[in-house]
Amino acid sequence: MVPNGWELCELSDLCEKISVGLAISVTPYMRSAGVKLIRNQNIKRNYFNSDSVVYIDPEFADRNKSKKVKPGDVVAVRTGSNIGEACVVPAEFNGALTFTTLIARPKMGLLDPFYLSAHINSDRGLAEVNRLSAGGGKSNLNSGELKRYRILTPSMGEQKRIAQILSTWDKATTTTEQLLANSQQQKKALMQQLLSGKKRLLDDNGVRFSGEWRPQRLGDNFERVTTKNNGHSANVVTISAQQGLVRQEEFFKKSVASDILDGYFLLKNGQFAYNKSYSNGYPMGAIKRLNRYPDGVVTTLYICFEISDHGKCCSDFFEHLFESGLMIKGLSKIANEGGRAHGLLNVKPSDFFNLKFVIPSYEEQQSIATVLSTADLEITALKQKLDTLKQEKKALMQQLLTGKRRVQLGGDS
């Protein structure tokens with residue numbers, strides 16, 4: 001249904017140019033300076049990423065003038081996993097050449113480029129891109145198809161107001177993403193300093209910790225857990241690099257475990273499990289603590305273990321230690337590189353518990369854990385804020401770009 005005062009148009013009626021960028025290899029024409037080249041890496045949702053700039057030979061660029069862009073053009077990814085992502089070309093990329101991207105140049109007075117970019121990046125726009133994209137193993141969106149892109153258009157004034165409102169949300173999202181990235185980087189640096197003893201904290205009396213860190217084997221502080229489930233729990237969990245030990249239904253969207261769980265290991269809250277397989281960011285496998293549930297059932301391929309003496313070992317400290325990557329070197333020495341099977345490392349439990357590291361006193365462990373856990377709380381809060389902003393903006397786009405919610409020109413929506 002078309003809202004009152006709006007029109008449903010095809011993009012070809014609203015643009016003076018719709019074309020595709022260069023479709024040939026540009027590697028022979030790359031230079032250290034010259035004409036800027038816009039690639040898929042530069043195109044984010046409603047955000048032009050100018051961090052990675054590539055230059056092309058000016059003579060080659062002049063021979064391909066039809067592939068150049070002007071400020072205010074909308075460029076979109078035409079193939080791949082992020083097909084349809086679009087943004088507006090900024091002023092500093094005036095005259096840049098485009099490589100494999102789509103170019104749309106809105107007609108002045110008919111279509112606002114920021115409104116078009118927001119529309120293409122919306123759920124409605126994604127549906128249009130999917131409708132127009134060629135089928136087969138790899139979807140492609142060509143200029144001929146983009147010309148038939150259907151878009152609901154209000155007056156220019158309303159388009160600009162909608163784009164302005166959505167831009168405010170984009171700025172808030174970008175700011176939060178930057179804060180999150182900074183917090184994650186700061187926490188990473190803290191882990192490297194605190195967990196290696198390079199930086200020492202103050203104790204409860206305000207005196208800096210100075211005691212020597214003790215060389216230890218993993219087996220000096222932990223004991224293996226091999227308790228079989230035997231009908232105790234049906235909560236099958238798996239190790240996720242980002243989420244820790246999480247229910248299989250949440251991670252895989254289905255259960256992939258055997259129907260009979262009696263032979264699986266039973267893991268209790270606070271116990272640890274080591275997944276002996278590569279995952280992103282964990283080249284020698286990941287060690288996670290069961291935090292979300294009272295208990296869980298895990299495959300016997302995992303090495304499960306628990307603290308043997310809570311009086312001298314702080315569980316939170318070791319959770320951060322296992323997460324820091326400081327054990328990668330030791331794990332790489334005991335892993336049988338020739339023993340991989342579908343990414344599974346051949347790490348023997350006996351070798352695992354012989355891994356060596358140095359640890360501070362229990363009190364210093366607690367202090368370190370408190371600092372790093374506080375950093376985690378800040379990161380979690382920023383992630384939640386970012387998720388909320390994205391969900392709120394998504395709902396707002398659905399209302400504004402369909403006319404279900406109208407805006408007041410020159411005022412608040």
Side-chain angles (χ1 to χ4, degrees), residues 11 15 18 20-21 36-55 67-106 111-130 139 141 146 149 151 159-185 379 382-401 407 413:
L11 207 53
C15 292
I18 296 177
V20 177
K36 293 177 180 177
L37 181 72
I38 295 175
R39 302 171 294 164
N40 287 348
Q41 296 96 311
N42 301 114
I43 302 173
K44 306 299 178 184
R45 293 192 186 278
N46 295 317
Y47 166 68
F48 191 92
N49 177 22
S50 57
D51 291 342
S52 177
V53 180
V54 171
Y55 295 94
K67 310 300 182 182
K68 289 185 175 182
V69 293
K70 297 179 179 179
D73 285 354
V74 176
V75 285
V77 178
R78 61 177 297 267
T79 187
S81 60
N82 58 336
I83 183 172
E85 289 191 9
C87 63
V88 179
V89 175
E92 60 267 28
F93 275 73
N94 182 32
L97 208 61
T98 57
F99 178 59
T100 73
T101 67
L102 286 163
I103 310 166
R105 183 168 296 159
L111 183 61
D112 179 73
F114 293 96
Y115 178 83
L116 172 59
S117 175
H119 194 284
I120 294 175
N121 288 315
S122 68
D123 285 348
R124 191 180 182 91
L126 180 60
E128 269 298 285
V129 168
N130 289 335
S139 295
L141 184 64
L146 187 62
Y149 181 96
I151 179 171
Q159 287 182 43
K160 287 182 179 294
R161 181 64 181 137
I162 290 171
Q164 181 185 37
I165 292 169
L166 295 176
S167 175
T168 301
W169 287 83
D170 286 333
K171 288 176 182 176
T173 300
T174 301
T175 299
T176 306
E177 286 175 336
Q178 290 172 342
L179 288 172
L180 175 59
N182 290 341
S183 293
Q184 290 172 326
Q185 191 61 38
I379 290 170
L382 286 170
K383 284 180 178 178
Q384 290 173 345
K385 182 180 179 181
L386 184 60
D387 287 342
T388 299
L389 283 171
K390 288 181 177 180
Q391 289 300 317
E392 289 176 346
K393 186 201 169 190
K394 184 177 180 180
L396 188 61
M397 290 174 77
Q398 178 61 25
Q399 293 179 315
L400 293 179
L401 296 175
V407 299
S413 62

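Along the sequence shown, residues are numbered consecutively beginning with 1.
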[X] to [Y] - nearest heavy-atom pair and separation:
| X | Y | answer |
| --- | --- | --- |
| Leu11 | Leu146 | CB-O, 3.5 Å |
| Gln184 | Lys383 | NE2-CE, 3.7 Å |
| Gly84 | Val129 | CA-CG2, 4.2 Å |
| Gly72 | Val88 | CA-CG1, 3.7 Å |
| Leu166 | Ala118 | CD1-CB, 3.8 Å |
| Ile151 | Tyr115 | CD1-CE2, 3.9 Å |

Between [atom1] of [X] and [atom2] of [Y], what distance do you get to the nearest 0.5 Å?
| X | Y | atom1 | atom2 | value |
| --- | --- | --- | --- | --- |
| Asn42 | Cys87 | CG | SG | 8.0 Å |
| Leu400 | Ile165 | CG | CD1 | 5.5 Å |
| Leu126 | Ile83 | CG | CD1 | 9.5 Å |
| Leu389 | Leu396 | CG | CG | 11.5 Å |
| Asn49 | Ile43 | CG | CD1 | 10.5 Å |
| Ile38 | Asp73 | CD1 | CG | 8.5 Å |

Tell me whether Asn40 contacts the main-chain N or O of Val77 through its side chain, where contact means a donor paired with an acceptor under 3.5 Å. no

Lys394 (side chain) donor-acceptor with Asp123 (main chain) under 3.5 angstrom: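 No; zero donor-acceptor contacts below 3.5 Å.
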
Report yes if some heavy atom in the side chain of [X] is under 4.5 Å from a heavy atom in the side chain of [Y]; otherwise report no.
| X | Y | result |
| --- | --- | --- |
| Ser50 | Lys36 | no |
| Tyr149 | His119 | yes |
| Lys385 | Thr176 | yes |
| Val53 | Tyr55 | yes |

Check each of Ser117, Ser167, Ser122 against Asn46 using the side-chain hydrogen bond (donor to acceptor under 3.5 Å, both in side chains) test, and report the only one that passes.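 In the set Ser117, Ser167, Ser122, the residue that makes a side-chain hydrogen bond (donor to acceptor under 3.5 Å, both in side chains) with Asn46 is Ser117.
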
Of Lys160, Arg161, Gln164, Gln159, which is the lone residue that meets side-chain hydrogen bond (donor to acceptor under 3.5 Å, both in side chains) with Asp112?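 Checked Lys160, Arg161, Gln164, Gln159 against Asp112; only one passes side-chain hydrogen bond (donor to acceptor under 3.5 Å, both in side chains): Lys160.
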
Does Lys67 have any salt bridge (charged side-chain N to carboxylate O under 4.0 Å, His left out) partners at least two apart in sequence or in another chain, and if so, which?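 Lys67 satisfies salt bridge (charged side-chain N to carboxylate O under 4.0 Å, His left out) with no other residue.
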
In this structure, are over 12 heavy atoms from other groups packed under 6.0 Å from Phe99 atom CZ? yes

Evaluate Asn121 against Glu85 for side-chain contact (heavy atoms from CB on, under 4.5 Å), listing each step before the verdict. CA-CA 6 Å; Asn121 288 315; Glu85 289 191 9; 4.3 Å; yes

Take Lys393 and Asp170 through the salt bridge (charged side-chain N to carboxylate O under 4.0 Å, His left out) test and state the conclusion after the steps. CA-CA 8 Å; Lys393 186 201 169 190; Asp170 286 333; 2.5 Å; yes

